[in-house]
Amino acid sequence: MRLCNPRLNQVEAALLDEVSADALMSYTEQVAAKVRLSGSDEELESFRYVQRQLEDWGLSTQLLFHDGYVSWPGAATLQIEGLGDIACITHAMAVSTPGTSGGLVYAGRGRPADYEALTVQGQIVVIEGLAAPAPVKEAIRHGAVALIFINDDHFHEMITSPVWGSPTPDQLGQLPTTPIISIRRPDGERLKQHLLLHGTAAPSARITAEVDTRWRKLPLLEAWIPGHEGEPYVLFSGHIDSWHLGAMDNGSANATMMEVARILSRHGSDLQRGLRLCFWSGHSHGRYAGSAWYADSFWHDLRERCVAHVNIDSVGGMGATVLTEAFAMAETADLGKAVIPNFAGSRPSRSGDQSFLALGIPSLLMTLSEQELEPGVVGPAAITGSKAGGSGWWWHTVDDTVDKLDPAFLARDCQIYLAVVFRLCAERVLPFHYGAAIHEYRSLLEQYAARAGDLFDLAPALEAAQTLKAAYEPFGSEVERLREEDHHGRPCDPDQVKRANERLMALGRRLIPGNYTTQGPFAQDPALPIAPMPLLAPIGDLVAAGPESDVAKHMLVGLRRARNRIVQDLMDATRDLI
Ligand SMILES: [Zn+2]
């Protein structure tokens, strides 16, 4: 049974036939037998189950423990004057309160423009949607004392902090400073009607909430195939911690990682480089605390040796027919297209354990299979930022149970991951296309230059990008030649292949941080929406501010530094190719 439609060779086709839907469902049931709060005993049981299975299949494993700052939501109550008690939940990284009161103010979707005609200082703000970091930050910035989110018909668990990984001392001030709760849509509709009836004399509300936020010991499971010390490897990662039973998010993904590991462990001789699997804790309750700790703790090893990061989250859902929008970079999109029919890909955002962008490691996939878009649905699509309908209504709810999985779709998704991971591990020449990445880089610079007009000169960056393009062209042709020889089974010069792969890796290290981060290789940008080539994003505000304003002059200080960094990255990338 072959469910995906990749352009595969015989070895790959045979591998995919080894995927077992029954085995995938069985692993999922084991992993998702209990609620897996980050750092809990129940979560550790699932880690140990996965470790035992991987060792039974002959993989080398290591269960690490590290400190992580995580947050478990507890009980919450909401009383509204004139409406009485309303069922609610509170959220990770929100503030506990024995009782916070205030007048209610409705702020639509909670975007900056929604506050233009509102005064929310000292009030409780009511917002449509999921309790995501961006609307939380905006409401608190406007002086709200508490937040109420109106979800859809189900309570969706969320983490409300934008801080990526466990916070540094400087970042503690970026954690939410108010209680935050969510209510369901029918109650939200009643609340909105109530507010309309009261007009300007807003009714008050009282919120209580318990959130247990502290440092905990978190497990982190590593496993290797074939495990050669000191050689390049592909990182394949997913979180084990969950909201509620988390059968889809992320039991089915853990099962997929296990099945890929089981199959590839029998084909180690076909691999050109190692596969490292990492199972994280701290994703749901610590905003990627596990993967961020791993990036910090093994920074040099990752920088020197990790050729690609493949992440997996929430696969095999019933009705998940949209396969076209998973994360892909310009340099990795062709690999996605080779394996996934009609794949378009979405630019990686600050979500889903993308803790390795700052290191310059190419990334592919995350949430792979999604629902069709249902107009008007407030749900997971709002979080993933994708054009599809997200992960299903049960995502982050008590209803994320094994009956929400479709075994055939789970096997299909596993085959896609198996094909992608296999190609990354088995292709002699790394399957990245930096011609596309350089083209994207230049296009972004051209767009920013057009927007900046006379206000800011990006000519040095455009010239440096042109120089890189010219330097890349002969190298790109050489890579194509080596790839062709390999695909036709002709022997390649191992030294030429090694040199080409080193250069491909070096291009990622130079170009990815500037394209995806503001803070560079040693830090983590917050889990908030981020523009392409984000250091130049202030150009939009510069134009709005006008050339002679003080605020424009402040912006130009930062933009000059950004331009220096981008030019330097491009010059270094060019030098690596010569
Ligand atoms: Zn997840």
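Model, not experiment: these values are computed from the prediction. Every number for a ligand or one of its atoms is a count from 1 in the order of the listing.
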Q. Glu43 and Ser281: side-chain donor and acceptor closer than 3.5 Å?
A. yes
Q) Which of the N/O/S atoms in Asp249 sits closest to the Zn ion (ligand 1)? A) OD1
Q.
Under a 3.5 Å cutoff, is there a donor and acceptor pairing between the side chains of Tyr294 and Asp353?
A. no
(Q) Test your reading of the model: is there a side-chain donor-acceptor pair from Arg303 to the backbone of Leu359, 3.5 Å cut-off? (A) yes
Q. Angle class for the Tyr288/Trp164 ring planes (parallel below 30°, perpendicular above 60°, tilted otherwise)?
A. tilted
Q) In Asp313, which N, O or S atom comes closest to the Zn ion (ligand 1)? A) OD1
Q.
Closer than 2.8 Å to the Zn ion (ligand 1): does that hold for any N, O or S atom in His239?
A. yes
